[in-house]
Amino acid sequence: MLMLLLLLVPALVAGGTECNPRDFGADSVVCVCTASDCDLQGVIPVPGDGLFTTVTSSRDGLRFAQNTSPLESTPNPDADVSLILDHNTEYQTIFGFGGAFTDSTGINIATLPLEAQDFLIRSYFSPDGIEYNLCRLPMAGSDFSIRPYSYDDVEGDVDLVYFNLTIEDYQYKLPYIKQAQQVAHRELLLFGSPWSPPAWMKESGTFNGSGSILKEMWEPYANYFIKFLQAYEAEGAPMWGVTMQNEPMTGLEDWAWNTCYWSPEDTRDWIKTYLGPAMESAGYGDVQLMIDDHNRDTIPAYVLPCLDDAGCYQYVDGTALHWYADWWTSPDSMDETHNLYPEKYLLYTESCDGWNSGPDERVILGSWVRAENYAFDVLEDLNHWATGWVDWNMALSMGGGPNWANNYVDSPIIINTDAGEFYKQPMFYALGHFSKFIPPGSIRMASSVSGPGSGDVIAVAVHNIPSQTDVVIILNRGDSGKSVSVDSGSGVEFMNFAMPAKSITTVLFHEH
Ligand SMILES: *[C@@H]1O[C@H](CO)[C@@H](O)[C@H](O)[C@H]1NC(C)=O
Ligand SMILES: *[C@@H]1O[C@H](CO)[C@@H](O)[C@H](O)[C@H]1NC(C)=O
């Protein structure tokens with residue numbers, strides 16, 4: 001298997017290859033990939049002194065279109081949008097970007113011809129593609145599985161004698177994690193999230209529905225985390241981190257799929273008494289431990305009982321957030337949480353579009369609206385202390401599944417099993433405008449946007465520390481093109497260029 005894969009990995013593409021567009025009747029197009037053809041963005045170098053490069057995707061069909069121009073010594077005084085970078089004001093360090101190795105992702109990828117599978121993995125992970133480096137995986141099953149299960153479904157097995165990874169890990173998660181590790185030039189950081197403990201550890205005795213874990217199971221469940229960390233490490237996929245529980249508040253409701261309620265106080269007490277000490281003594285004290293893993297309308301209230309308690313605080317590294325309440329909650333809660341505990345980071349760990357849509361719109365092939373939703377949210381979150389942004393399923397079927405609880409949603413890659421091809425949605429490129437150009441270790445810097453067209457525009461500026469370059473990412477949500485003038489921060493070097501209507505541009509230049 002490994003030999004075969006090595007032979008399949010071709011040389012990196014210089015300059016990238018073109019999108020093969022297809023119109024499914026939405027406001028934009030998908031790029032079609034088959035066993036023999038797939039667009040790859042290629043290695044996009046930062047240009048030499050005196051030059052800058054723009055990379056643009058748009059509703060009207062551009063996908064990572066590159067243009068290199070000279071820096072100018074004066075700004076465009078008539079620009080619709082002016083942007084000024086402030087290198088002296090720096091904020092959070094970035095961990096990275098990525099998606100989730102769900103069972104459904106692997107189930108879908110496995111239906112493609114091998115060469116198309118290889119294109120898909122390269123598209124996400126290789127220097128030819130959008131270079132994801134931070135990925136989540138459910139610890140055992142989630143709703144994006146074909147059955148609910150845990151790593152120990154033997155009732156009453158408190159010693160976890162029967163703990164074991166499952167067929168899903170071996171068939172649908174680990175093989176693709178391995179392939180990603182193989183093509184990636186960046187270190188692949190993985191973190192696990194449980195949707196539910198084993199059903200027999202819970203009050204309800206079921207994976208779904210409402211309720212919590214039984215208190216007498218607190219110790220066995222901490223050991224269950226350790227067994228998971230050991231099992232994945234033994235398979236060559238050690239964890240960078242874990243979140244304590246996916247969306248704990250859903251366990252307050254009669255929830256249709258795997259969940260478990262943890263009150264903020266129980267979170268505190270379990271971590272300080274069981275999980276934290278267990279990780280420490282098993283040699284996993286350096287594995288990142290994140291709490292909340294739910295929407296930003298839960299912060300800061302949900303994380304305070306833990307962070308205000310020295311016993312819990314010492315074990316927790318950050319707050320994980322999902323985007324599902326971002327439409328009606330202000331990012332101010334992120335600033336507030338950051339300001340209370342600036343040494344504990346904020347990380348977006350799950351988002352998908354289509355989750356609140358009608359049955360026919362769970363997947364929309366070629367939706368620019370959804371690309372814009374993604375880009376806007378990433379920009380807003382980065383501007384409010386997010387240290388990264390991890391998408392949900394990396395690949396779903398034409399219907400947005402499989403999902404054992406019929407909770408179908410959209411994904412940046414949709415797989416058409418019958419045709420042996422897959423479609424890169426506009427969302428794929430929207431995320432690529434960040435993931436490819438903001439490597440881990442980058443630091444956000446201050447920037448300000450002004451000008452008559454600035455109401456349509458949101459931007460972020462990042463100092464790419466590993467390559468000593470600067471990166472600016474701009475989203476134009478307007479229905480008209482914009483002339484843009486970026487002051488590199490020196491006051492003597494300006495980048496004057498145009499952005500099309502409904503577009504995302506990444507700007508790259510060497511800093512001085
Ligand atoms: C764990 O599962 C794998 C794959 O299903 C199997 O090969 C292995 O024997 C199992 N180990 C135990 C201890 O049951
Ligand atoms: C929980 O899952 C079972 C199937 O395992 C299903 O029959 C039941 O309706 C689900 N509960 C809720 C509240 O949806």
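Only a predicted model underlies this, so the values are computations on that prediction, with no experimental measurement involved. Counting convention: from 1, in listed order, for ligands and their atoms alike.
For atom 6 (C) of ligand 2, the nearest non-hydrogen atom of the protein is Asn208 ND2, 4.2 Å. The closest protein non-hydrogen atom to atom 4 (C) of ligand 2 is Trp404 CZ3, 3.9 Å. Summary of contacts: the protein heavy atom closest to atom 14 (O) of ligand 2 is Ala256 CA, 3.3 Å.
For Asn356, the CG atom sits in a packed shell: over 12 heavy atoms of surrounding residues, nucleotides or ligands are nearer than 6.0 Å.
With a 4.0 Å heavy-atom cut-off, ligand 2 is reached by the backbone of Asp254 and by its side chain too. Contacts between Trp257 and ligand 2, counted as non-hydrogen atom pairs separated by less than 4.0 Å, are absent for every part of the residue.
Proximity of atom 9 (O) of ligand 2 to the protein is not indicated, since no non-hydrogen protein atom lies closer than 4.0 angstrom.
By the 4.0 Å heavy-atom criterion, Phe207 is excluded from the residues contacting ligand 2.
Checked against Met398 for a side chain to side chain contact (heavy atoms under 4.5 Å, CB included), the options Asn416, Val363, Asp418 give a single hit: Asn416.
Ligand 2 places these atoms under 4.0 Å from at least one heavy atom of Trp255: 12 (C), 13 (C).
With sequence neighbours left out, Ser330 forms a side chain to side chain contact (heavy atoms under 4.5 Å, CB included) with Asp332.
Put simply, the side chain of Glu350 never gets that close to the backbone of His322: no donor and acceptor are under 3.5 Å apart. Of the possible polar contacts, none joining the Ser503 side chain to the Ser58 backbone as a donor-acceptor pair under 3.5 Å is found.
Listed by first and then second residue, the ring pair (Phe, Tyr, Trp, His ring centres under 6.0 Å) pairs that reach into residues 403-427 are Phe24-Tyr423, sequence neighbours excluded.
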